[in-house]
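Heads up, the thing below is written out as structure tokens.
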Protein chains: 2
Amino acid sequence: MSIDRRSGCPINLSLEVFGDRWSLIILRDMIFGGKRHFRELLNGSIEGIASNILADRLKRLMELGMLTKADDPSHKQKAIYSLTEMAITLVPILAHLGAWGRIWLPVSEELSIRAELLEKGGPPMWEKFMDELRHEHLGMPSGTPPDATVRATLQAGYEAVVARKATGAGCDPGA
Amino acid sequence: MSIDRRSGCPINLSLEVFGDRWSLIILRDMIFGGKRHFRELLNGSIEGIASNILADRLKRLMELGMLTKADDPSHKQKAIYSLTEMAITLVPILAHLGAWGRIWLPVSEELSIRAELLEKGGPPMWEKFMDELRHEHLGMPSGTPPDATVRATLQAGYEAVVARKATGAGCDPGA
DNA sequence: TGCAACTGATTGCAAAATGCAATTGGTTTA
DNA sequence: TAAACCAATTGCATTTTGCAATCAGTTGCA
């Protein structure tokens, strides 16, 4: 399950890191969903990852230097997974990937609003988001108040769409 | 082998399109290598794809709308594969992926020079490259002379590295 | 103290994907 | 007419995946 090294081409090597069905999903949930624990990733993923696959990919991503693991002081069995700088710099790629998917694939509105906001925010927003992730995961200092984070902005956009769709679907008593 | 639709998330859907070991390699060889025929892709790929996998992925990429196939007028059995606009717009993602891989993974110098040049060229170079691909694959008009193409620039960079490494390795009779 | 719920995993097993070599039916070239 | 070339396809062994059940240890609560 380690790297193959079929060739030294950067695209090939990148593909060997996350060219599978689950690795990037896990990183997405950690980056955009703020998930740090095994259970959060297991139960929180809408795609429904199996626990053995999750365990395997977490191990693999650690071996590849994308994640680190630490004990959670609040619970002797709890582990906290952290993104490394290597994983944090994936943000622009995820932003592009989301933008591409939004154009060409049958995305759902509520799940693509984050991609839309991130695309509109452009590189400055990505940089801000990466700084927030460095603060959260690497303990770097941060100048952003907790209520003005990029993640909170994206989450608010998501919730606005969900709320609007709920009323639009006939749940609004005034309609 | 068609799309799963585990969720409507743009990143997930993108992953279902090329979240495997070979699809993006094939697209890379078509985009950067100018490969259009089955044999070119089969024998030209340094990673060594098997013919059944190649056939399967070409079929799948056609079903997904990333490629089209046409008869080659020069040979009744020859098929020409063309990129669609959907595939051409992958160029910025490939550029980012190459840049990321170049930083974090053990890339080889000769295979990463293209990624370096593409990164240095930035979005203007990517746009020019996409226009060239539209000309080649979609028959759009082009204002770029054949010797000043982005692909030719990248290829020249590659060959310069190969030549330098060959002399540096002791093949230079004057050394 | 006892027990259920929760922690990060591991195991067994069937199904699917992969990689390899050989082969297919047809076309072109020498 | 024979050899080389064309885009695949087939058979088969190996590997990976996905699912359900299970594991041993920890915590919170009655």
Side-chain angles (χ1 to χ4, degrees), chain A residues 1-7 12 15-26 29-30 33 35-64 66-83, chain B residues 1-7 12 15-26 29-30 33 35-64 67-82:
Chain A
M1 243 307 168
S2 67
I3 219 162
D4 246 4
R5 271 163 185 290
R6 302 182 294 189
S7 85
N12 173 56
L15 229 44
E16 296 192 14
V17 171
F18 42 73
D20 74 276
R21 305 288 259 185
W22 292 110
S23 298
L24 213 56
I25 293 288
I26 294 169
D29 287 345
M30 291 188 69
K35 312 283 171 62
R36 308 287 298 263
H37 300 290
F38 191 94
R39 285 290 146 173
E40 285 181 308
L41 289 163
L42 187 64
N43 303 324
S45 124
I46 28 172
E47 286 86 12
I49 190 169
S51 66
N52 58 341
I53 309 281
L54 176 58
D56 180 87
R57 292 306 187 279
L58 287 172
K59 200 178 95 189
R60 186 166 188 272
L61 288 169
M62 283 191 286
E63 285 167 4
L64 292 169
M66 305 275 285
L67 300 179
T68 57
K69 184 167 135 179
D71 291 338
D72 185 330
S74 79
H75 189 302
K76 283 193 179 158
Q77 259 177 329
K78 233 167 175 168
I80 301 185
Y81 293 91
S82 298
L83 300 166
Chain B
M1 244 304 170
S2 68
I3 218 162
D4 246 4
R5 271 163 183 291
R6 303 181 294 188
S7 86
N12 173 57
L15 230 44
E16 296 191 13
V17 170
F18 41 73
D20 74 275
R21 304 287 260 185
W22 293 109
S23 298
L24 214 55
I25 293 288
I26 294 169
D29 286 346
M30 291 187 69
K35 312 283 171 64
R36 307 288 298 263
H37 300 289
F38 191 92
R39 281 294 142 172
E40 286 180 308
L41 289 163
L42 187 64
N43 302 324
S45 124
I46 28 172
E47 286 86 12
I49 190 169
S51 66
N52 57 342
I53 309 279
L54 176 58
D56 181 87
R57 290 307 186 280
L58 288 172
K59 200 177 94 188
R60 185 166 187 272
L61 289 170
M62 284 191 285
E63 285 166 4
L64 292 169
L67 299 179
T68 58
K69 183 167 134 177
D71 291 338
D72 185 329
S74 79
H75 189 303
K76 284 196 178 150
Q77 260 176 330
K78 232 166 175 170
I80 300 185
Y81 293 92
S82 297

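This is a predicted model, so every value here is computed, not measured. Proteins get letters first, then strands, A, B, ... in listed order; numbering begins at 1 in each.
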Check: A:Q77 side chain, D:dG25 base, donor-acceptor under 3.5 Å: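 Such a pair exists between side chain and base.
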Is the phosphate of [N] approached by [X] (side-chain N or O, under 4.0 Å from OP1 or OP2)?
X     : N      : result
A:R39 : C:dC6  : no
B:R21 : C:dA17 : no
A:W22 : D:dT17 : no

Spacing between [X] atom [atom1] and [N] atom [atom2], to the nearest angstrom:
X     : N      : atom1 : atom2 : result
A:D56 : D:dT17 : CG    : P     : 7 Å
B:I26 : D:dA7  : CD1   : P     : 14 Å
A:L54 : D:dT16 : CG    : C1'   : 17 Å
A:D72 : C:dC6  : CG    : C1'   : 13 Å
A:E47 : D:dC19 : CD    : C1'   : 17 Å
A:L42 : C:dT10 : CG    : P     : 14 Å
B:D71 : D:dA7  : CG    : P     : 12 Å
A:I25 : D:dT17 : CD1   : C1'   : 15 Å

From [options], nucleotide with atom closest to [X] side chain:
X     : options                : value
A:H75 : D:dT17, C:dT27, D:dT26 : D:dT26
B:A55 : C:dT10, D:dA7, D:dT9   : D:dT9
B:H37 : C:dC20, C:dT18, D:dA7  : D:dA7
A:A79 : D:dG18, C:dC20, C:dG8  : C:dG8
B:A50 : D:dA20, C:dC20, C:dT27 : C:dC20
B:R57 : C:dT10, D:dA7, C:dT18  : C:dT18
B:K78 : D:dG18, D:dA7, C:dT18  : D:dA7

I need the minimum non-hydrogen distance between B:E47 and A:S7, along with the two atoms involved.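 Taking B:E47 first and A:S7 second, the nearest heavy atoms are OE2-OG, 2.6 Å.
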A:R60 (side chain) donor-acceptor with A:V17 (main chain) under 3.5 angstrom: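 Indeed, once roles are kept as given, a pair shorter than 3.5 Å links the two residues.
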Under 4.0 Å, counting only non-hydrogen atoms across every strand here, what does B:K69 touch: a base, just sugar-phosphate, or nothing?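 Sugar-phosphate contact only - B:K69 comes under 4.0 Å of backbone atoms but never of a base.
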I'd like to know if A:R57 and A:D20 make a salt bridge, using a cut-off of under 4.0 Å between side-chain N and carboxylate O.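 Salt bridge: yes.
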Would you indicate whether the side-chain heavy atoms of B:K69 and B:L58 approach each other to under 4.5 Å?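 In short, these two side chains do not touch, never coming nearer than 4.5 Å.
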Working to the nearest 0.5 Å, report the span between NE2 of A:H75 and CD1 of A:I80.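 Reported value, rounded in 0.5 Å steps: 12.0 Å.
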